[in-house]
2 protein chains.
Amino acid sequence: MFIRTPADLGAAIRDRRKSLGLSQSELAKRVGVGRQWLVAVEHGKPGAELALVLRVLDAINMPLMTGAPPPAAIGASDINLDAIIASARGDAS
Amino acid sequence: MFIRTPADLGAAIRDRRKSLGLSQSELAKRVGVGRQWLVAVEHGKPGAELALVLRVLDAINMPLMTGAPPPAAIGASDINLDAIIASARGDAS
DNA sequence: GTATAATGTCCTCGAACGACGACATGAGGG
DNA sequence: CCCTCATGTCGTCGTTCGAGGACATTATAC
C-alpha cells in the first residue's frame, strides 16, 4: 500500500491493528502514547509526530519503505514487480 | 530503503534532494516550509509533523509504501525478494 | 580580496502537539 | 436490566513545534 497522506497511514495502521486483534488502548500503551492520540492518528491527524508514528509502525510490525520513484520500467517491459511480489506473499491488506 | 527512524527518513530525503540538484532553500520553498525545518528533518528531527514530511516526499517524488510484514518466506526458501527487486531496479541512488 | 551561495545554529513568537481525565455512544454478556 | 469493553469527543495543561530573522562557516566564482 502506498502512503501519500496522513489518512492513508491512519487507515493502514487501523487495519493492521485490528488484524492483530489489538484495541486502541492496548496498542497505545504498548507504544507509549495516549489512547486519544492513537484515535486521532487513525483518523488521519496531519500534525502527528514522526517519531511516534514510526514507533507505532514498529510496534505493529509494519515496515515502511521508500525508494526511487517508479522509473516506469526496468528494461522496457511494463511488469509491475511490486504488485507481483505483494500478491505472491499474500498481502491481503 | 527501509525507514525505521526519523534519521533514516532524513538521510533518504537528503540523498534524494541532492540527487535532484535542489538546495535546502529551494526545496523548503517548494514544499512550503521553513528552511530551518528542512535542515532539522534531514538531521532526523523526531518531532517533525507527519503531513509536512509527506509533502516533502511528494515534492521530491519519493513514494512511501507499507505492507504486511515479511512473512519470513513465501515458500520455504530464504530468498529476499525485496532486496532482489530493489537492486534490480537500480535503487543505488 | 571580495561576493555569492549553501548549510548549520541560536533566538523569539504564536500555534499546535501529546498526555490525561471525564463523559457519551454502541455492541455484547451476565 | 445492568455491566463491561471499545471507540470517539471535549477541555485543560505543560511542552514542543514551525516560521522567520540573524550570524558563523565553508566552498565556489569574480
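Since this is a predicted model, take the numbers as computed values, not measurements. Every chain is numbered from 1 and lettered A, B, ... according to where its sequence line falls, protein lines coming before strand lines.
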Leu52(B) atom CG is separated from dA19(D) atom P, nearest whole Å, by 6 Å

| task | Verify the cluster assignment for Leu20(A) and Val39(A): are they in a single hydrophobic cluster under the rule of side-chain heavy atoms below 4.5 Å apart? | result | no

Rounding to 0.5 Å, atoms CZ (Arg4(B)) and CG (Leu57(A)) come to a distance of 11.0 Å

note: Arg14(A), atom CZ; dT7(D), atom P; distance rounded to Å ~ 7 Å

| message | What I'd like to find out is whether the side chain of Val53(A) reaches to under 4.5 Å of the side chain of Leu9(A), using heavy atoms alone. | response | yes

The correct set of residues in residues 17-29 of chain A placing a heavy atom under 4.0 Å from DNA chain D is Arg17(A), Ser23(A), Gln24(A)

Heavy-atom nearest pair, Thr66(A) first then Ala12(B), reads CG2-CB, 4.3 Å

In B/S/- notation (B base, S sugar-phosphate only, - none; protein heavy atoms under 4.0 Å), nucleotides 23-30 of chain C written 5' to 3' is --------

In whole angstroms, the gap separating C1' of dA16(C) from CD of Glu49(B) amounts to 7 Å

Test side-chain contact (heavy atoms from CB on, under 4.5 Å), reference Leu38(B), set His43(B), Gln24(B), Glu26(B), Lys45(B), output is Gln24(B)

request  = Report yes if some heavy atom in the side chain of Asp15(A) is under 4.5 Å from a heavy atom in the side chain of Met1(A); otherwise report no.
outcome  = no

Taken to the nearest whole Å, CH2/Trp37(A) to P/dC17(C) is 12 Å

Taking dG18(C), dG8(C), dG8(D) as options, the one with an atom nearest any side-chain atom of Lys45(A) is dG18(C)

Query - Side-chain heavy atoms of Asp8(B) within contact of Thr5(B), under 4.5 Å - result: yes

Check your understanding: Leu52(A) versus Val31(A): any side-chain heavy-atom pair under 4.5 Å?
Key -> no

Rounding to 0.5 Å, atoms CG (Leu54(B)) and CG (Leu50(A)) come to a distance of 9.0 Å

The residue, Glu42(B) or Gly32(A), whose nearest nucleotide of DNA chain C is more 5′ is Glu42(B)

Against the side chain of Gln36(A), the closest entry in dC17(C), dG18(D), dC10(D) is dC10(D)

From CG of Leu38(A) across to P of dT7(D) the rounded distance in Å is 9 Å

Counting any heavy atom closer than 4.0 Å, what does Ala48(A) reach on the DNA or RNA strands: base, sugar-phosphate only, or nothing?
sugar-phosphate

